[in-house]
Amino acid sequence: MDAFTTFTGVVAPLDRPNVDTDAIIPKQFLKSIKRSGFGPNLFDEWRYLDKGEPDKPNAGRPLNPDFLLNQPRYQGAQILLARANFGCGSSREHAPWAIVDYGIRAVVAPSFADIFYGNSAKNGLLLVTLPAPVIDRLFAECTAAAGYRLTIDLAAQQVRTPGGETFGFEYSAGLKHRMLNGLDDIGITLGHAEKIRRYEAQRQVEAPWLFVEP
Amino acid sequence: MTAKTLYDKLWDTHLIETFDDGSALIYIDRHIAHEVTTPQAFEGLKLAGRKLWRTSATVAVSDHNVPTKDIHRIADPVAKVQLETLARNCREHQITHFDMGDPRQGIVHVTGPEQGWSLPGMTIVCGDSHTATNGALGAWAFGIGTSEVEHVMATQCLVLRKAKNMLLDVTGRLPAGVTAKDLILAIIGRIGTAGATGHTMEYGGEAIAQLSMEERMTVCNMSIEAGGRAGLVAVDERTLAYVDGRPYAPRGVHWTRAVENWRDLTSDAGAQFDTVITLDATTLEPQVTWGTSPEMVVPVSGRVPDPNLEADEIKRSGLTNALKYMDLKPGTAISDIAIDKVFIGSCTNSRIEDLRAAAQVIRGRRLAKNVKLALVVPGSGLVKRQAEQEGLDRLFTAAGFEWREPGCSMCLGMNPDQLAFGERCASTSNRNFEGRQGHGGRTHLVSPAMAVAAGIAGHFVDVRQEG
Ligand code: SF4
């Protein structure tokens, strides 16, 4: 997982509430044996005019010109601005996998669904919760100016607008530590690597048969 | 020193560190992989640029998706890719892998004990809930999710919370014709599918001591159906005799030292269990499930229950729904239920003793006319070979059964072996959930002997009385 410090990125405003995980990544893609490569199928049903399939190449599929991620001004977006209850529906971890794989590093919204919140944290996707009136303002600013960027400072727990305004947001101390240091559950356990090695060395003495190969 | 349960001992020997929030870092001795729950874990390792912490701790076998008829032609492209992916990942990471066509290939929980991959005193994990099967060896074995699989491969550890201790004390001996499968079904019927939630179950008492190792595996296998993540049986002479000489078992001085150590793998006298359930084995009969949950079980002499006699409204609607799905009327005698198919197999009942017990019931007879298909799917290539050497395959085929290649098969129907809509099956597997063996399929869980008896009679019969 990449360490998450301060970054500034292009914002794409997805103006609808209750975006569910089936919309984020439709169920036919769950048959995959992979956890990467879902980016081209992020928001598949909104993004393309035909139906996507796991083994169908996405290049050459007819794009929906009205969908925001297909518009030139939002190319390379790293921040998704969204409405309430983003990420509701099924618990599929494929949703944050797809968002991250697309290149988005943070979603800013008034609220998020619980399981999606947990799954995102596990996968290095920062979810920023801001009050609805602030979100309204950001939507207005973002649609008014092409190339609109926000700066997110996780250490300070602040979002900065191009106009220099700042908005503070809440974030759990434990998750923040993980995100700032680029740690995942495995990374945290590997932080105990010395202890694990010491245990193994002692086990080799006490139960050597566990370490011999036939 | 305070008296410890077997689970306490296993916990303590694998504990690396306890954290402030009560969770603990636990060392995992053995990880057994199969094709369905590992691809994303391997990919996660790759994306993070990580390697296996200790390659030799992981071993792999293909089982869930494998065809049992023509192993060289996999019809489902998704299954094919999963199988190929496991093989490729194992090659890349130099993991021992028994692929299709290898005579040692089999159902992951059959192969583990058979090869000596699973040993007494180990912590054993696999991305599959029936990993508890290995607990019969006095090992702490439990199923994990895909992110935990990745965690184990990368760190050889898991972060866990200690479960409570439960003792299933089974007194007396099982009567003739009543098997380990009947015992575990009766236990689940008694305590319910959530009865052991949050507990590690230890099976003890005279009945368990009298069981063979394979029978103990059948009992431990279905711990998850009682809500327990792990099931255990203390180590005794039978355990040692079973492990001795297995391909991956220790030898020479290592064997001597291991045995010394393993003899302590029992609960101390006076150890405290949070929950104790006592069951009298002498009163048990062969069991048959009638519904869509393993707890919906009655003795073969019994009848399908009447929901109207159930006071609790939620339970009543559960019974009503199950009856509807199973297309059964309240009060129907179990022996009046006719079947369409028979499945002998799964990690619960596909070992050599199961096949012997099943074949013994045939006695020169044939399947009833109304039975459309009866499958015998050995738990591993080695079980299959052993059965063939004993001539069991010919007994089965002469009676009209199909003799197949090893795999999970109709236990969950991920391969082409499935029930058609509305078909009723006498099955030796472990789950009778709606759709488990095929969309709209109806599963009755029984022992291998009872499954064959039902196949020959065309309906359920008490294997102790028929013929
Ligand atoms: S036989 Fe059935 S229960 Fe056992 S591992 Fe295979 S699918 Fe799971």
Side-chain angles (χ1 to χ4, degrees), chain A residues 1-3 28-39 53-56 91-94 96-98 100-101 118-119 121-124 173-174 178 182-214, chain B residues 13-17 21 25 27 29-30 35-36 38-48 50 53-54 56-57 77-78 81-82 84-86 89 96 115-116 119 121-122 146-148 150-159 246-259 261:
Chain A
M1 216 153 86
D2 291 338
Q28 65 267 31
F29 298 104
L30 309 192
K31 277 193 262 175
S32 167
I33 52 159
K34 307 182 78 120
R35 77 161 77 184
S36 60
F38 293 105
E53 292 296 342
D55 31 17
K56 180 162 154 183
S91 66
R92 63 192 68 168
E93 201 164 327
H94 303 67
W97 290 347
V100 171
D101 193 65
N119 283 343
K122 261 192 204 158
N123 289 281
R178 271 160 54 168
L183 298 176
D184 53 5
D185 290 344
I186 293 176
I188 292 169
T189 297
L190 288 173
H192 301 286
E194 259 322 298
K195 282 181 210 145
I196 302 172
R197 274 192 210 101
R198 246 181 284 134
Y199 171 90
E200 261 179 348
Q202 196 183 336
R203 267 304 256 180
Q204 295 210 36
V205 176
E206 289 165 3
W209 61 89
L210 291 173
F211 297 85
V212 287
E213 287 304 297
Chain B
T13 45
H14 293 89
L15 177 66
I16 297 177
E17 166 127 333
D21 67 350
L25 193 61
Y27 190 79
D29 295 315
R30 176 65 80 205
E35 77 275 17
V36 178
T38 52
Q40 271 108 355
F42 278 110
E43 199 195 1
L45 287 183
K46 184 179 268 176
L47 289 175
R50 289 179 175 132
W53 178 276
R54 181 156 80 85
S56 62
V78 180
V81 170
Q82 277 195 334
E84 288 168 355
T85 304
L86 178 65
N89 282 326
T96 302
Q115 287 297 316
L119 296 173
M122 273 183 166
T146 296
S147 51
E148 286 177 307
E150 183 182 340
H151 197 280
V152 168
M153 291 200 291
T155 70
Q156 211 53 53
C157 291
L158 281 175
V159 177
R246 301 268 155 198
Y248 285 74
R251 293 168 202 289
V253 281
H254 284 308
W255 171 257
T256 318
R257 282 199 60 185
V259 166
N261 180 288

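So that the names make sense, note that chain A is the first sequence line, chain B the second, and so on, each numbered from 1.
Ionic pairing of A:D184 and B:R50 is present here: one or more N-O contacts between side-chain nitrogen and carboxylate oxygen are shorter than 4.0 angstrom. Checked for salt-bridge contact, B:K46 and B:E43 miss the test: no charged N lies under 4.0 Å from a carboxylate O. A salt bridge does not link A:D101 with A:R35: every distance from a Lys NZ or Arg NE/NH1/NH2 to an Asp or Glu carboxylate oxygen is 4.0 Å or more.
Neither the backbone nor the side chain of A:R198 comes within contact range of chain B; no heavy atoms are under 4.5 Å apart. Contacts between B:W53 and chain A at a heavy-atom distance below 4.5 Å involve the side chain alone, from C-beta outward. In this structure, no portion of B:L158 lies under 4.5 Å from any heavy atom of chain A. When heavy atoms are compared at a cutoff of 4.5 Å, B:T13 approaches chain A by way of both its backbone and its side chain. Both the backbone and the side chain of B:Q40 come within contact range of chain A, judged by heavy atoms closer than 4.5 Å. For chain B, the nearby part of A:E200 is the side chain; its heavy atoms alone come within less than 4.5 Å. The contact between B:Q156 and chain A is made entirely by side chain atoms (from C-beta outward), counting heavy-atom distances below 4.5 Å. For a residue to count as touching a neighbouring chain, one of its non-hydrogen atoms must lie under 4.5 Å from one of that chain's; by this rule B:A57 does not touch chain A. For B:R54, the part lying near chain A is the side chain, with the backbone staying farther off; criterion is any non-hydrogen pair under 4.5 Å.
Nearest approach of B:Q82 to B:E35, heavy atoms of both residues: O-CB, 3.7 Å. Between A:V205 and B:R257, the closest heavy-atom pair is O-NH2, 3.1 Å.
When each of B:G116, B:A41, B:G44 is scored by its heavy-atom pairs under 4.5 Å with chain A, the top score falls to B:G44.
Here the CE atom belonging to B:M153 is positioned 7.5 Å from the CG atom belonging to B:N89, to the nearest 0.5 angstrom.
Note on ring orientation: taking the six-membered ring where Trp is involved, the planes of A:Y199 and B:H14 are tilted (angle from 30° to 60°).
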